[in-house]
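This is the structure, below, for whatever I ask next.
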Amino acid sequence: MTLKLYNTLRNRKEVLVPLQEGRVGLYVCGITVYDICHVGHARSAVVFDVLRRYLEYRGYEVIYVKNYTDVDDKIIARANAEGVSIYDISNRYIAAHDEDMSGLGVLRPTVTPRATEHIDGMIRLIEKLVERGLAYAVNGNVYYAVERFPGYGKLSGRQLEDMMAGARIDVDEQKNNPMDFALWKASKPNEPAWDSPWGPGRPGWHIECSVMSQKYLGDSFDIHGGGEDLVFPHHENEIAQSEGATGKPLANLWVHNGFVKINSEKMSKSLGNVFSIQEMLSRYSAEAIRLFMLQSHYRSAVDFSEESLSEARQGMDRFYTALKAISDLLAASGGDSAPPSPESLSGKTAELFTLIQSLPDRFVEAMDDDLNTARAIGYLFDAARQLNAFLSDAKAARSDAGRNVLALAEKTIKEIGYVLGLFQEDPDLYFQRDRERETRKRGIEPAEIEQLIAERWAARTEKNWQRADEIRKILTEKGIVLKDTPTGTTWKVA
RNA sequence: GGCGGCAUAGCCAAGUGGUAAGGCAGCGGUCUGCAAAACCGUUAUACUCCGGUUCAAAUCCGGAUGCCGCCUCCA
């Protein structure tokens, strides 16, 4: 079985054939660090985090490069507005970004280079493009001559003529062709500048990625990723720069994730519906957010809303309920579990074993098909249901064979979950945090709840059902759901 | 104006030629003092519409309608 990914370059799914056996080079365009990250950044980060984790799960060594763009108009504007240097701005938002990522359970890429650390490389690459006749300097600026690069438009599937026809382009007398883009910009006053053969200036937006991908992954590498909005012009221009200089294909597979919408609207500053990762994480668990995103295919648009996130929370609740039931049973019944021996199993236990044993294969089958996480999660829900069914038969579940199969199930689900970044928390801790988050969100005072529950428990022991039901009603109205067990009453927010 | 995508039950969402995964919500039941959770059953004669290809289409082709994205900074 082999992993197929949808390749934007050829508009079809293609098999990943690593350039070097056993190793995959992955480059993803990171963020411009001028503001805190929003849920759109989160989606891209989670998608490629899962790709990286899955490749590693399949045994590849992955070199994952994700850059920070730390010099650009918006950063400069912000630095000038605050009267600080661009590094003050970029350092601040890189720190915020890193915190958001770890909050989302996104693993650190192998290399996280910054554009400003690669200015020399950019200058060398630009010189090479000038030498090759693909770029020209005018008044301290250097532009890429797009019509000189035969493949221009191949990624986004456009013709140069079409683009020029309806494009809204600033008239720039300095450019030979309106579609030409800046490789190097002459610095204006109050802008950071680096010395170059064309005078003091700063790099254009696209050149950094060509330089950094080459430096860490070579002239050609396996997968280049980013949000779908980067297809044009950013990735198209990267191809023009890199392939123009090396004459070799930049990346074999171009992978792009779909957009995030908010309440069915495009997320944009003008609509005022930009949700930050920080805000999202204060309202929902990282795993619920990941589950929500991964229940849709990575290339389709995903619609954030209170309702959809809350459904994902219910979904996580379901998984952790099953996981908790397993770990509780294993802990209570004591003793170590051993790997099940299939020939000794029968009936329900054997059926469950077969199902659990096939789970990794089905997971791989789904993931190999262009990272079909939605299908994979479907299999996991299915497994959760079967596990709960099995657990409801206490005798079977507590037998040695049953415990062994349950232990295997727990291990398998966590291993698969790791690839998706799910099920990595202790169930009790998960529910505790969920309760803290939800009570905070709704302004509920936990102590007050606990007191009412204690009062109800007392009423129940006296078989004062009327009072017990009264209290239940009060709590239900507050959105609190009670669960009576032989040892006490637990609660959660609905 | 150019390029591209999507349209599956109340909602979300897989499925890419052989007869509709999964989740949420709902309904009936088991369990429970009552509940909750869990489980069992149930919920699309059917995949926007109209044609076509085929023994067979949600799946392929043509057309229509509707939404959306990109072409300008953007994950």
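Letters A, B, ... are given to chains in the order of the sequence lines, protein chains preceding strands, and every chain is numbered from 1. These values consider heavy atoms only, across backbone and side chains, with no hydrogens, waters or symmetry-generated copies.
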Notebook entry, point to check: Residues two or more places apart in sequence or in another chain: which of them pass side-chain contact (heavy atoms from CB on, under 4.5 Å) with A/Pro427?
Noted result: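 Only A/Tyr320, A/Leu323, A/Lys324, A/Ser327 meet the side-chain contact (heavy atoms from CB on, under 4.5 Å) criterion with A/Pro427.
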Note to self: Holding to side chain to side chain donor-acceptor pair (under 3.5 Å), I want the full list of residues that pass it with A/Asp49, two or more places apart in sequence or in another chain.
What the structure shows: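 Partners of A/Asp49 by the side chain to side chain donor-acceptor pair (under 3.5 Å) criterion, ordered by chain and then number, come out as A/Arg53, A/Arg290.
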Next item on the list: Give A/Gly315 one of three labels, base, sugar-phosphate or nothing, depending on what nucleic acid heavy atoms sit under 4.0 Å from its own.
Entry: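 Counting heavy atoms under 4.0 Å across all strands, no contact is made by A/Gly315.
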Margin query: Quick check on RNA chain B: between A/His38 and A/Asp469, whose nearest nucleotide comes earlier from the 5' end?
Written below: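 Taking each residue's closest nucleotide, the earlier one in sequence belongs to A/Asp469.
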Margin query: Return the pairing partner of B/G1 with a 3.5 Å limit on both distances, Watson-Crick or G-U wobble; otherwise return none.
Written below: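 Paired with B/G1, as far as the under-3.5 Å criterion goes, is B/C71.
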Next item on the list: With heavy atoms under 4.0 Å as the rule, sort A/Met267 into base, sugar-phosphate or nothing.
Entry: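 The residue A/Met267 makes base contact.
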Next item on the list: Would you classify A/Arg43 as touching base, sugar-phosphate or nothing, given that sugar-phosphate means primed atoms plus P, OP1 and OP2, and contacts are heavy atoms under 4.0 Å?
Entry: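 The residue A/Arg43 makes no contact with any strand.
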Next item on the list: Find the distance A/Met367:CE to B/G22:P and express it as a whole number of Å.
Entry: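 The answer, rounded to whole Å, is 20 Å.
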Margin query: If you only use heavy atoms from C-beta on, which nucleotide in B/G33, B/A75, B/C71 is closest to the side chain of A/Ile31?
Written below: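 Comparing B/G33, B/A75, B/C71 against the side chain of A/Ile31, the answer is B/A75.
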Notebook entry, point to check: Are side-chain N/O atoms of A/Asp73 and A/Tyr34 paired as donor and acceptor at under 3.5 Å?
Noted result: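 Their side chains do not contain a donor-acceptor pair, so the 3.5 Å distance test is not met.
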Margin query: Can a side-chain donor-acceptor contact be found between A/Glu14 and A/Tyr6 if the only test is distance below 3.5 angstrom?
Written below: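 There is no such pair between these side chains.
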Next item on the list: Write out all pairs satisfying side chain to side chain donor-acceptor pair (under 3.5 Å) with one or both partners inside residues 388-398 of chain A, taking only residues at least two apart or from two chains.
Entry: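 Only A/Lys348-A/Asp393 qualify under side chain to side chain donor-acceptor pair (under 3.5 Å).
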Item checked: Residue whose nearest RNA chain B nucleotide is more 5′ - A/Tyr6 or A/Asp484 ->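 The residue closer to the strand's 5' end, by nearest nucleotide, is A/Tyr6.
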Next item on the list: Scan residues 451-467 of chain A against RNA chain B and write down, sorted by residue number, each residue with any heavy atom closer than 4.0 Å; if none is found, say none.
Entry: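 Contacts with RNA chain B under 4.0 Å: A/Arg456, A/Arg460, A/Trp465.
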Margin query: Whether the side chain of A/Asp229 and the base of B/C73 hold a donor-acceptor pair under 3.5 Å is what I'd like checked.
Written below: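 By the distance-only test, no, there is no pair.
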Check: A/Leu155 CG to B/G4 C1': how many Å, rounded?
Finding: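 So the two atoms are 12 Å apart, to the nearest Å.
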Checklist line | A/Glu450: side-chain contact (heavy atoms from CB on, under 4.5 Å) partners, not counting sequence neighbours | finding: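 A/Glu450 satisfies side-chain contact (heavy atoms from CB on, under 4.5 Å) with A/Trp491 only.
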Check: Is A/Lys74 touching bases, backbone alone, or none of the nucleic acid, heavy atoms closer than 4.0 Å?
Finding: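 Contact class for A/Lys74: sugar-phosphate only.
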Check: Touch check for A/Val260, heavy atoms < 4.0 angstrom, all strands: base, sugar-phosphate only, or nothing?
Finding: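 Counting heavy atoms under 4.0 Å across all strands, the contact made by A/Val260 includes a base.
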Margin query: Whole angstroms only, please: what is the CE-P distance between A/Met101 and B/A75?
Written below: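 Rounded to whole Å, this separation is 11 Å.
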Next item on the list: Calculate the interatomic distance between A/Phe363 atom CZ and B/G22 atom P; express it in whole Å.
Entry: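 So the two atoms are 19 Å apart, to the nearest Å.
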Item checked: Interatomic distance where CD1 belongs to A/Ile75 and C1' belongs to B/C73 [whole Å] ->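 Result: 12 Å.
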Give me the distances for all protein-to-nucleotides 37-43 of chain B N/O pairs that come in under 3.5 Å?
unit_1, atom_1, unit_2, atom_2, d
B/A38, OP1, A/Arg318, NH1, 3.3
B/A38, O3', A/Asn388, ND2, 3.2
B/C39, OP1, A/Arg318, NH2, 3.2
B/C39, OP1, A/Asn388, ND2, 3.4
B/C39, OP2, A/Arg318, NH1, 3.4

Next item on the list: Report the base-pairing partner of B/G18 (Watson-Crick or G-U wobble, both distances below 3.5 angstrom), or none.
Entry: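 Pair assignment: B/G18 / B/C55.
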Check: Does B/C34 pair with anything, Watson-Crick or G-U wobble, both distances under 3.5 Å, and if so, with which nucleotide?
Finding: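 B/C34 is paired with nothing.
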Note to self: Which residues pass the salt bridge (charged side-chain N to carboxylate O under 4.0 Å, His left out) test with A/Arg313, not counting sequence neighbours?
What the structure shows: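 In terms of salt bridge (charged side-chain N to carboxylate O under 4.0 Å, His left out), with neighbours along the sequence ignored, A/Arg313 is linked to A/Asp434, A/Glu438.
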Notebook entry, point to check: Within the structure shown, what part of the strands sits under 4.0 Å from A/Phe259 by heavy-atom distance: base, sugar-phosphate, or nothing?
Noted result: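 Result for A/Phe259 = base.
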Note to self: What contact category does A/Gly227 fall into here, base, sugar-phosphate, or nothing, at under 4.0 angstrom with non-hydrogen atoms?
What the structure shows: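 It contacts sugar-phosphate atoms only.
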Notebook entry, point to check: Taking the six-membered ring for Trp, does A/Tyr379 stack with B/A21 (centroid gap under 5.5 Å, planes within less than 30°)?
Noted result: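 No; by the centre-distance and plane-angle rule, A/Tyr379 does not count as stacking on B/A21.
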Note to self: Over all strands shown, is A/Leu230 touching base, sugar-phosphate only, or nothing at heavy-atom distances under 4.0 angstrom?
What the structure shows: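 Touches sugar-phosphate only.
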Next item on the list: Would you please name every residue forming a side-chain contact (heavy atoms from CB on, under 4.5 Å) with A/Ser305, sequence neighbours left out?
Entry: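 For A/Ser305 the side-chain contact (heavy atoms from CB on, under 4.5 Å) partners, ignoring immediate neighbours, are A/Asn263, A/Glu307, A/Ser308.
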Check: Which base sits across from B/C47 as a Watson-Crick or G-U pair, both distances under 3.5 Å?
Finding: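 Looking at the geometry, B/C47 pairs with no nucleotide.
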Next item on the list: Please work out whether the ring planes of A/Tyr152 and A/Phe232 are parallel, tilted or perpendicular, with thresholds of 30° and 60°.
Entry: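 The rings of A/Tyr152 and A/Phe232 stand perpendicular, inter-plane angle above 60°.
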Item checked: Those residues that, when tested against A/Glu147, pass salt bridge (charged side-chain N to carboxylate O under 4.0 Å, His left out) (two or more places apart) ->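 Expected list: none.
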Next item on the list: Searching all strands shown, indicate the nucleotide that pairs with B/A9 (Watson-Crick or G-U wobble; both distances under 3.5 Å).
Entry: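 Base partner found: none.
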Item checked: Between B/G23 (C1') and A/Asp382 (CG): distance, integer Å ->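 Value for this atom pair: 11 Å.
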Next item on the list: Searching all strands shown, indicate the nucleotide that pairs with B/G28 (Watson-Crick or G-U wobble; both distances under 3.5 Å).
Entry: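 Pair assignment: B/G28 / B/C40.
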Note to self: Taking ring pair (Phe, Tyr, Trp, His ring centres under 6.0 Å) as the definition, give me every residue that meets it alongside A/Phe304, ordered by chain and number, with sequence neighbours left out.
What the structure shows: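 Partners of A/Phe304 under the ring pair (Phe, Tyr, Trp, His ring centres under 6.0 Å) test: A/Phe292.
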Notebook entry, point to check: When the distance from CG of A/Asn257 to P of B/G5 is rounded to whole Å, what number comes out?
Noted result: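 These atoms are roughly 17 Å apart.
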Check: Who passes side chain to side chain donor-acceptor pair (under 3.5 Å) against A/Glu410, sequence neighbours left out?
Finding: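 Expected list: none.
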Item checked: Donor + acceptor pair across side chains of A/Asp229, A/His256 (<3.5 Å) ->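 Side-chain D/A pair, A/Asp229 to A/His256: absent.
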Note to self: Output the rounded distance in Å from CG (A/Asp100) to C1' (B/A75).
What the structure shows: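 About 13 Å, once rounded to whole Å.
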Check: If you round to the nearest 0.5 Å, how far is OH of A/Tyr54 from CG of A/Leu5?
Finding: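 The OH atom of A/Tyr54 is 10.0 Å from CG of A/Leu5, to the nearest 0.5 Å.
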Margin query: Strictly under 4.0 angstrom, non-hydrogen atoms only: write out the protein contact profile of nucleotides 9-19 of chain B, one letter per nucleotide from the 5' end, B, S or -.
Written below: ----SSS----
